[in-house]
Novice: 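Quick one: the structure is below, and I'll ask about it shortly.
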Amino acid sequence: MMRYILTYLIGLIFGVGIILGGMANPAKVLNFFDIAGTWDPSLAFVMGGALGVTALGYRFVLKRPAPAMADVFHLPTLRSIDARLIGGSIAFGVGWGLAGFCPGGALPAVGTLHPAVLTFTVAMIAGIVVAKALQNRNGNTSAEANA
């Protein structure tokens with residue numbers, strides 16, 4: 001039970017941080033990409049702050065023998081750059097640039113019931129389902145492919 005409570009609290013902190021940082025507002029994100037127009041560099045500061053906190057957190061946490069609520073750390077083992085990684089990166093970047101949402105920013109904004117957020121979220125879920133179906137159809141059922 002405590003694991004679920006902590007998972008909820010961590011997600012809540014993440015969502016509040018996304019909202020306070022303005023990343024649930026697609027106009028703020030799109031303005032970051034509009035270098036020749038209404039450029040807003042604040043996204044770079046949000047991402048830089050997140051990167052710094054994450055880098056410090058990983059250095060601290062990974063020195064422990066195991067996570068607090070699991071037997072082992074579940075870290076990615078795939079180290080190669082392949083078509084799936086490149087394709088996923090392109091899909092993420094294009095979706096973020098066109099819609100102004102990434103999954104981390106869209107999910108906390110679902111509660112607004114704004115049509116753009118709901119459309120993006122439905123499209124994101126559909127993309128995940130299609131990608132999983134294609135992986136299974138191609139016989140790619142490894143743990144790394146399904147992560």
Side-chain angles (χ1 to χ4, degrees), residues 3-62 64 67-70 72-138 140-147:
R3 183 176 184 174
Y4 294 113
I5 293 170
L6 287 175
T7 300
Y8 172 78
L9 290 174
I10 291 167
L12 181 64
I13 291 168
F14 176 78
V16 168
I18 288 288
I19 291 168
L20 291 177
M23 299 304 104
N25 178 0
K28 189 156 191 79
V29 173
L30 292 173
N31 284 339
F32 174 75
F33 293 120
D34 189 6
I35 297 171
T38 57
W39 186 59
D40 179 358
S42 61
L43 175 60
F45 294 109
V46 170
M47 293 176 76
L51 183 62
V53 169
T54 300
L56 288 173
Y58 267 87
R59 291 186 63 85
F60 173 73
V61 169
L62 292 179
R64 301 177 61 167
M69 300 212 172
V72 296
F73 288 106
H74 298 278
L75 301 172
T77 56
L78 191 61
R79 300 280 188 232
S80 62
I81 297 175
D82 59 3
R84 283 183 51 240
L85 178 64
I86 293 170
S89 300
I90 291 170
F92 178 90
V94 168
W96 198 28
L98 290 175
F101 288 114
C102 71
L107 292 179
V110 165
T112 67
L113 301 178
H114 191 279
V117 178
L118 298 176
T119 301
F120 176 86
T121 304
V122 168
M124 177 183 68
I125 292 168
I128 291 169
V129 169
V130 168
K132 293 287 185 185
L134 288 173
Q135 286 176 357
N136 291 338
R137 190 176 117 208
N138 293 334
N140 192 356
T141 59
S142 70
E144 290 167 344
N146 291 323

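Because the structure is predicted, anything quoted here is derived from the model rather than measured.
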Novice: Heavy atoms only: give me the nearest P103-P108 pair and the separation to one decimal.
Specialist: O-CD, 4.4 Å
Novice: Counting only heavy atoms not in I81, do more than 12 fall under 6.0 Å of its CD1?
Specialist: no
Novice: Below 4.5 Å, heavy atoms only, C-beta onward: do K28 and L43 meet side chain to side chain?
Specialist: no
Novice: Please give me the minimum heavy-atom distance between T121 and A106, naming the atom from each residue.
Specialist: OG1-CB, 4.1 Å
Novice: For L107 and M124, work out which heavy atoms get closest and say how close.
Specialist: CD2-CE, 4.0 Å
Novice: Enter the distance from I13:CD1 to L20:CG here, rounded to the nearest 0.5 Å.
Specialist: 12.0 Å
Novice: For residues A24 and I19, report the shortest heavy-atom separation together with the two atoms involved.
Specialist: CB-CG1, 4.1 Å
Novice: Return the orientation label for the F101 and F120 ring planes: parallel under 30°, perpendicular over 60°, tilted otherwise.
Specialist: tilted
Novice: Roughly how far apart are L85 CG and R79 CZ, rounded to 0.5 Å?
Specialist: 12.5 Å
Novice: If I take atom CZ from residue F60 and atom CG from residue L62, how far apart are they, to the nearest 0.5 angstrom?
Specialist: 11.0 Å
Novice: Do S42 and D40 get their side chains close enough for a donor-acceptor pair, meaning under 3.5 Å?
Specialist: yes
Novice: For F73, does the CZ atom sit with more than 12 other heavy atoms under 6.0 Å from it, leaving out its own atoms?
Specialist: yes
Novice: Roughly how far, to the nearest 0.5 Å, is the CG atom of L134 from the NZ atom of K132?
Specialist: 11.5 Å
Novice: In Å, rounded to the nearest 0.5 Å, how long is the span from CH2 of W39 to CG of L30?
Specialist: 15.0 Å
Novice: Nearest 0.5 Å, what's the CG-CG distance between L56 and L51?
Specialist: 9.5 Å
